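Take a look at the structure below.
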Amino acid sequence: MENWHREESFLTAFGLGCGSVAAIIGAGGKTSLMFQIAREARARGMRVLVTTSTRIFVPEPELYDEIDLSGEGFAFQPTQAGIYVAGLPAEEGKLAGLADSLLLSSSKFFDLVLIEADGSKCLPLKGWKETEPVVPACTTHSIGVLDISVLGERIDQSLVHRLPLFLELTDASPGDALSLDHLRRVVEGGCGMFARAHGREQIYLNKVESAELFQEASALRKLCPTREFVAGSIHEERVYA
């Protein structure tokens, strides 16, 4: 597409490699992106640690090679490529993450660490509390996920987690149609997606699956000229930068 260059993989699109610690924040595809990157890294012979700093549902067995629910991380140094999930059982079938000190020490045994560092109650948009997102200090890449396919939809509680905070951040009113300017404020706002980010800040525009949505993605990138954008579709396994 015009002004977008197709990348070989999501892993390369975000510039992730051995030693990277990526915190995935935002809403609208965080878990899917995390495991897409993990699979690509495993295929390249990498040992990948997958965890969270908030809460995620315990992954289905087909998504990983080994899992440690002790909350202590893996007590051994993995020697084989694979996806290693670590955490502690939490309420409602969810997984809580490792303590920061343990995450830092465990990360030395892996080639790549992926952390889901935000929560959105399975909704495509959210407003952030002062304590969010929960990005560990060891993070090298903060990847903010935005579902661009919801442009034009009505802003209400069925679309947005913590609606009052989102309205304050974006200067929107309940019932407004979601616009590019609203998404710009999510990206650029002082209390927005990157308020507590560390390392390289990148925006992933998810569900870009039509020429029209590529145009919208290009328009949003022009509204935020100092930001680094990646766009694509996890479902279609296509990614552009």
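Nothing fancy with the numbering, it's 1 onward along the sequence. Here the structure is a predicted model, which means the values were calculated and not measured.
Between the side chains of Glu209 and Ser149, no donor-acceptor pair of N or O atoms lies under 3.5 Å. Side-chain contact of Ser70 with Asp68: a donor-acceptor pair under 3.5 Å is present, judged by distance alone.
Across every non-hydrogen atom of Ser173 and Ile155, the tightest pair is O-CB, 4.4 Å. Minimum interatomic distance between Val50 and Ala38 (heavy atoms only, all atoms of both residues): CG2-CB, 4.2 Å. Considering all non-hydrogen atoms of both residues, Gly73 and Leu102 come closest at N-CD2, 3.9 Å. Across every non-hydrogen atom of Ile56 and Glu116, the tightest pair is CG2-CD, 3.3 Å. What you find for Pro225 and Lys222 is that their closest heavy atoms are CD-O, 3.5 Å. Across every non-hydrogen atom of Leu180 and Glu216, the tightest pair is CD1-OE1, 3.4 Å.
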Under 3.5 Å, which donor-acceptor pairs link side chains of residues 186-199 to any protein atom two or more places apart or in another chain?
| from | atom 1 | to | atom 2 | distance (Å) |
| --- | --- | --- | --- | --- |
| Arg196 | NE | Thr131 | O | 3.4 |
| Arg196 | NE | Pro133 | O | 3.4 |
| Arg196 | NH1 | Glu130 | O | 3.4 |

Would you list the atom pairs, donor with acceptor, under 3.5 Å between side chains in residues 10-30 and any protein atom, with sequence neighbours excluded?
| from | atom 1 | to | atom 2 | distance (Å) |
| --- | --- | --- | --- | --- |
| Thr12 | OG1 | Ser9 | N | 3.2 |
| Thr12 | OG1 | Ser9 | O | 3.0 |
| Thr12 | OG1 | Ser9 | OG | 3.1 |
| Ser20 | OG | Gly17 | N | 3.0 |
| Ser20 | OG | Gly17 | O | 3.1 |
| Lys30 | NZ | Gly26 | O | 3.1 |
| Lys30 | NZ | Ser120 | OG | 3.3 |

Anything under 3.5 Å between a donor and an acceptor, one on a side chain of residues 74-101, the other on a protein residue two or more places apart or in another chain? List them.
| from | atom 1 | to | atom 2 | distance (Å) |
| --- | --- | --- | --- | --- |
| Tyr84 | OH | Gln80 | O | 2.9 |

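One finds the CG atom of Leu165 at 10.5 Å from the OG1 atom of Thr170 (value rounded to the nearest 0.5 Å). Residue Trp128 holds its CH2 atom at 13.0 Å from CD of Glu168, rounded to the nearest 0.5 Å. Taking OG from Ser142 and CZ from Arg200, the interatomic distance works out to 11.5 Å, rounded to the nearest 0.5 Å. Here CG of Leu205 is found 9.5 Å from CG of Asp147. Values are rounded to the nearest 0.5 Å. For the atom pair CG (Leu213) and CD1 (Ile148), the distance works out to 6.0 Å, reported to the nearest 0.5 Å. Rounding to the nearest 0.5 Å gives a distance of 8.0 Å between OG of Ser158 and CD of Glu153.
Under the 4.5 Å side-chain heavy-atom criterion for Ile, Leu, Val, Met, Phe, Trp and Tyr, Ile37 and Val135 are members of distinct hydrophobic clusters. Leu33 and Leu49 are assigned to two separate hydrophobic clusters, defined by single-linkage of ILVMFWY side chains at heavy-atom distances under 4.5 Å. Residues Leu151 and Phe214 fall within the same hydrophobic cluster, defined by Ile, Leu, Val, Met, Phe, Trp and Tyr side chains chained together at heavy-atom separations under 4.5 Å. The hydrophobic cluster containing Tyr240 does not contain Ile234, counting ILVMFWY residues as joined when their side-chain heavy atoms lie under 4.5 angstrom apart, directly or transitively. In the hydrophobic cluster analysis, where Ile, Leu, Val, Met, Phe, Trp and Tyr join through side-chain heavy atoms closer than 4.5 angstrom, Val58 is grouped together with Tyr64.
With a 4.5 Å cut-off on side-chain heavy atoms, Leu146 and Phe229 do not count as touching. Residues Arg44 and Asp111 are not in side-chain contact: their nearest non-hydrogen atoms beyond the backbone lie 4.5 Å or more apart. Annotation: side chain of Leu167 is not in contact with side chain of Asp176 (no heavy-atom distance under 4.5 Å).
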* **Residues Arg154, Leu159; criterion side-chain contact (heavy atoms from CB on, under 4.5 Å); working and verdict** => CA-CA 8 Å; Arg154 184 184 301 273; Leu159 190 73; over 6 Å; no

* Please report the C-alpha distance between Leu103 and Ile115 in whole Å, then the side-chain angles of each, then the deciding distance to 0.1 Å, and finally whether the side-chain contact (heavy atoms from CB on, under 4.5 Å) criterion is met. => CA-CA 10 Å; Leu103 175 63; Ile115 307 160; 3.6 Å; yes

* **side-chain contact (heavy atoms from CB on, under 4.5 Å) between Leu183 and Leu125, worked out** => CA-CA 9 Å; Leu183 295 185; Leu125 294 168; 4.0 Å; yes

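Counting heavy atoms of neighbouring residues, nucleotides and ligands inside a 6.0 Å radius, atom CZ of Arg238 exceeds 12 of them. Surrounding CD of Glu237 are at most 12 heavy atoms belonging to other residues, nucleotides or ligands under 6.0 Å away.
With salt bridges taken as basic N to acidic carboxylate O contacts below 4.0 Å, one links Asp118 and Lys126.
Arg55 places no side-chain N or O within donor-acceptor distance of the main-chain N or O of Gly119, the cut-off being under 3.5 Å.
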